[in-house]
Amino acid sequence: MFPSLTDAQIARIAAHGVVRPMAPGDILIEAGDRVVPFFVVKSGRLEVVQTSSLGETLVAVHGPGSFTGEANLILGRRSLTRIRVTESGEVIQSTREQLLGLVQTDAEISEILMRAFIYRRIELSAHGIGDVVLIGSVHSPATLRIKEFLTRNGHPFRYIDLDRDGDVQDLLDRFHIAASDVPVLICRGDVVLRNPANQQIADCLGFNEGIDATHLRDVVIVGAGPAGLAAAVYAASEGLNALVIEANSPGGQAGSSSKIENYLGFPTGISGQDLAGRAYAQAQKFGAEIMIARGATGLACERKPYSVTIDAGQRVPARTVIIASGAQYRKPSIGNLSEFEGAGVYYSATFMEAQLCPGEEIVVVGGGNSAGQAAVFLAQTASRVHMFVRSSSLAQSMSRYLIRRIEETPAIVLKTCTEIVGLEGDGHLERIRVRDNRTGAISDMSIRHVFLMTGAVPNAVWLAGCVALDGTGFIKTGPDLSKDELTAAGWPLARSPYLLETSLPGVFAVGDVRGGNIKRVASAVGEGSIAVAFVHRVLAE
């Protein structure tokens, strides 16, 4: 986190900035500053402090050879801390644009800075050092939603549990908050948001500040899962002006995975959130822009340039489009399912959800890799994990290493040909009704936590007829498009669609939303990178 730069490295950085003197008491960066410089200490000393109404908390000290900054510097977000001079000397000061130029051209310094920035952000998150306080309750589905949004966006926050923290009343009184307002987000120390939508949180924290949505991009990428982030990394690194539009948080379905063990290059595995966070920083490093909590609601496909409509009705123009909007887990047809979402029924299995059910019996529904990873992860803390699958075995839908892991984990009980047909509870799930599809017998189980990871429904409704879909709603691309479909779509070119190109020239589909996609993270990353190669061809036409 705090490497010491050599004289030669400092000299190379100096070419990307200016040297300025500093005196004790100078404030180089204030918490909440939108424009955040990068400093390398040549001589003297700085201290990094977190500010609050209760005073200051020392976060770090920088001496000669050290440098300031963490992930927000790359992401272009507001400063979380104050940086003050405690000992006179000199610093090299660079703008964010100069810093990005440096990390894109100097591999050695890039590795040092990016690694430090990422690990510093991890530590800030681990200690809740930031500009957000969340007051919530373990019994509130909205509290879980907000915690997931902040965590998956890598934003540090302090969490205060209304049910457990004895000092919470003073905070409620100071900000005139009633217990019925919970969950409440205190943003940047003074803005109070009562049960805010994710978009309100993103606006308050400035996630999308500085992004001009009206600017014509070489490529607009819809979705920041593995496929969309891979497309952003390759597009930006190859000089294309790229914008990513993400409805919620980076990572897609993979971002909710506790551990991915079969992704190339990570022999000990990596969590979906960590993989998404690294890819997110990597895309920003190369200059891609990413809009958070802004979902695509339509595609204007009548003429070029195309435009993607986002939540507020604003249109984002694009020379080409890569659709990476992914898929959602299919929801079982249980009438009162929505009553228990976030209150006993979950679609992710991360550390946050695991904290809700230690020592309890739980149920994981699904037979794919995501369900297998969830069962193995949750078995570390749950007393027993019942794994329900509708088929007669896992062999056709799950990787062999996961099947063996499940077989060798005593806490996991696999139940084939089994499904949930009913949910019961008062405000929170208490019981489930289970059917054995071999006999038709129905039984009750006292279960308070169910994790649903069943099948996939494509996020393609927003396209509203602009591209050809297969019978299940997934987007057809390349050689899968028939002559009749291309004729019906009015395909205007002499050439056939490129691999991954839809029935609309210059519009590509990658990842889980594409028909025939292999449901693996590596496949999605490959498709995202391949699509960019064809984007170059379309732009050259």
Side-chain angles (χ1 to χ4, degrees), residues 138-139 144 147-148 151 253-263 266-274 329 332 340-425 428-438 441-455:
V138 70
H139 304 296
L144 180 61
K147 288 175 71 174
E148 286 184 337
T151 300
Q253 278 192 356
S256 65
S257 178
S258 56
K259 198 170 196 180
I260 303 167
E261 293 191 72
N262 59 351
Y263 188 63
F266 293 91
T268 60
I270 184 171
S271 74
Q273 183 183 324
D274 285 345
Y329 289 119
F340 299 107
E341 290 179 329
V345 173
Y346 316 100
Y347 301 95
S348 298
T350 66
F351 177 72
M352 278 183 295
E353 288 82 13
Q355 288 180 304
L356 300 175
C357 49
E360 296 193 43
E361 290 196 34
I362 65 172
V363 169
V364 174
V365 182
N369 275 12
S370 295
Q373 290 159 352
V376 171
F377 172 69
L378 293 167
Q380 299 174 40
T381 53
S383 64
R384 178 162 295 179
V385 177
H386 300 274
M387 192 169 185
F388 292 178
V389 294
R390 291 197 298 177
S391 61
S392 58
S393 74
L394 297 172
Q396 292 183 337
S397 57
M398 188 179 293
S399 296
R400 181 58 191 163
Y401 84 93
L402 271 174
I403 295 176
R404 291 183 61 186
R405 191 78 55 80
I406 289 167
E407 292 172 343
E408 295 170 3
T409 304
I412 299 177
V413 179
L414 176 63
K415 297 184 178 181
T416 59
C417 302
T418 302
E419 61 182 309
I420 297 174
V421 294
L423 303 171
E424 299 175 4
H428 193 283
L429 182 64
E430 297 171 9
R431 292 172 302 281
I432 61 173
R433 306 205 76 197
V434 182
R435 182 173 63 208
D436 184 330
N437 289 333
R438 285 166 295 202
I442 295 178
S443 59
D444 289 349
M445 292 180 67
S446 295
I447 294 290
R448 299 181 65 252
H449 303 280
V450 172
F451 296 81
L452 295 177
M453 297 175 179
T454 54

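- Around CD of Gln396, the count of heavy atoms belonging to other residues, nucleotides or ligands within 6.0 Å does not exceed 12.
- Between the side chain of Ser391 and the backbone N or O of Ser393, at least one donor-acceptor pair lies under 3.5 Å.
- The two residues Leu394 and Gly367 have their closest heavy-atom pair at CD2-CA, 3.9 Å.
- For the residue pair Tyr347/Glu341, the side-chain donor-acceptor check at 3.5 Å is satisfied.
- Closest of all the heavy-atom pairs between Gly366 and Met387 is O-CE, 3.4 Å.
- Once rounded to the nearest 0.5 Å, the distance linking OG1 of Thr454 with CD1 of Ile420 reads 9.5 Å.
- Annotation for Gly425 and Phe340: closest pair N-CZ, 3.6 Å, computed over non-hydrogen atoms.
- The line from CG of Asn369 to OG of Ser257 is 8.5 Å long, rounded to the nearest 0.5 Å.
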* **Verdict with supporting geometry, Phe451 and Val365, side chain to side chain contact (heavy atoms under 4.5 Å, CB included)** => CA-CA 6 Å; Phe451 296 81; Val365 182; over 6 Å; no

* Asked: Should Leu356 and His449 be marked as a side chain to side chain contact (heavy atoms under 4.5 Å, CB included) after you check the CA-CA gap, both sets of side-chain angles, and the distance that decides it?
  -> CA-CA 8 Å; Leu356 300 175; His449 303 280; 4.2 Å; yes

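- Of the possible donor and acceptor atoms, one in the side chain of Ser256 sits under 3.5 Å from a partner among the backbone N and O of Gln253.
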* Asked: Under the salt bridge (charged side-chain N to carboxylate O under 4.0 Å, His left out) criterion, do Arg384 and Glu361 qualify, and how do the steps go?
  -> CA-CA 5 Å; Arg384 178 162 295 179; Glu361 290 196 34; 5.3 Å; no

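- For CZ of Phe351, the number of neighbouring non-hydrogen atoms (other residues, nucleotides, ligands) closer than 6.0 Å is 12 at most.
- Judged by distance alone, with hydrogens and angles left aside, the side-chain atoms of Thr418 form a donor-acceptor pair with the main-chain N or O of Thr416 at under 3.5 Å.
- The backbone N or O of Ala374 lies less than 3.5 Å from no partner atom in the side chain of Ser258, so there is not a single donor-acceptor pair.
- Note that the CD atom of Glu424 and the CD atom of Glu430 stand 9.0 Å from one another [nearest 0.5 Å].
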* Can you list the steps and then say if Asp444 with Arg433 is a salt bridge (charged side-chain N to carboxylate O under 4.0 Å, His left out)? -> CA-CA 5 Å; Asp444 289 349; Arg433 306 205 76 197; 3.0 Å; yes

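- Counting only heavy atoms from C-beta outward, the side chains of Val434 and Val421 never approach each other to under 4.5 Å.
- For the pair Leu452/Pro332, a side-chain contact is recorded, criterion being any heavy-atom separation below 4.5 Å from C-beta on.
- In this structure, the separation between CG on Leu378 and OG1 on Thr409 is 11.5 Å, given to the nearest 0.5 Å.
- Gln373 has its side chain within reach of Leu402: a pair of non-hydrogen atoms, C-beta onward, lies under 4.5 Å apart.
- Taking 4.0 Å as the cut-off between side-chain N and carboxylate O, Arg448 and Glu360 count as a salt-bridged pair.
- The closest side-chain heavy-atom distance from Ile432 to Phe388 is below 4.5 Å.
- The shortest side-chain heavy-atom distance between His386 and Lys415 falls under the 4.5 Å cut-off.
- Judged by distance alone, the side chains of Glu353 and Thr350 do bring a donor and an acceptor atom under 3.5 Å apart.
- One distance of note links CD1 of Ile406 with OH of Tyr401; it measures 9.5 Å at 0.5 Å rounding.
- Here the side chain of Ser271 pairs a donor or acceptor atom with the backbone of Asp274 at under 3.5 angstrom.
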* Go through the steps for Ser370 and Tyr329 under the test side chain to side chain contact (heavy atoms under 4.5 Å, CB included), then give the verdict. => CA-CA 10 Å; Ser370 295; Tyr329 289 119; 3.1 Å; yes

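- Heavy atoms of other residues, nucleotides or ligands lying less than 6.0 angstrom from CZ of Arg400 number more than 12.
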* Audit row: Val450, Ile362, side chain to side chain contact (heavy atoms under 4.5 Å, CB included) steps and yes/no -> CA-CA 6 Å; Val450 172; Ile362 65 172; over 6 Å; no

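- Side chain of Tyr346 to backbone of Gly344: a donor-acceptor contact under 3.5 angstrom is found.
- For the atom pair Met398 CE and Arg404 CZ, the distance stands at 14.5 Å (nearest 0.5 Å).
- Environment of CZ in Arg390: sparse, with no more than 12 heavy atoms of neighbouring residues, nucleotides or ligands closer than 6.0 Å.
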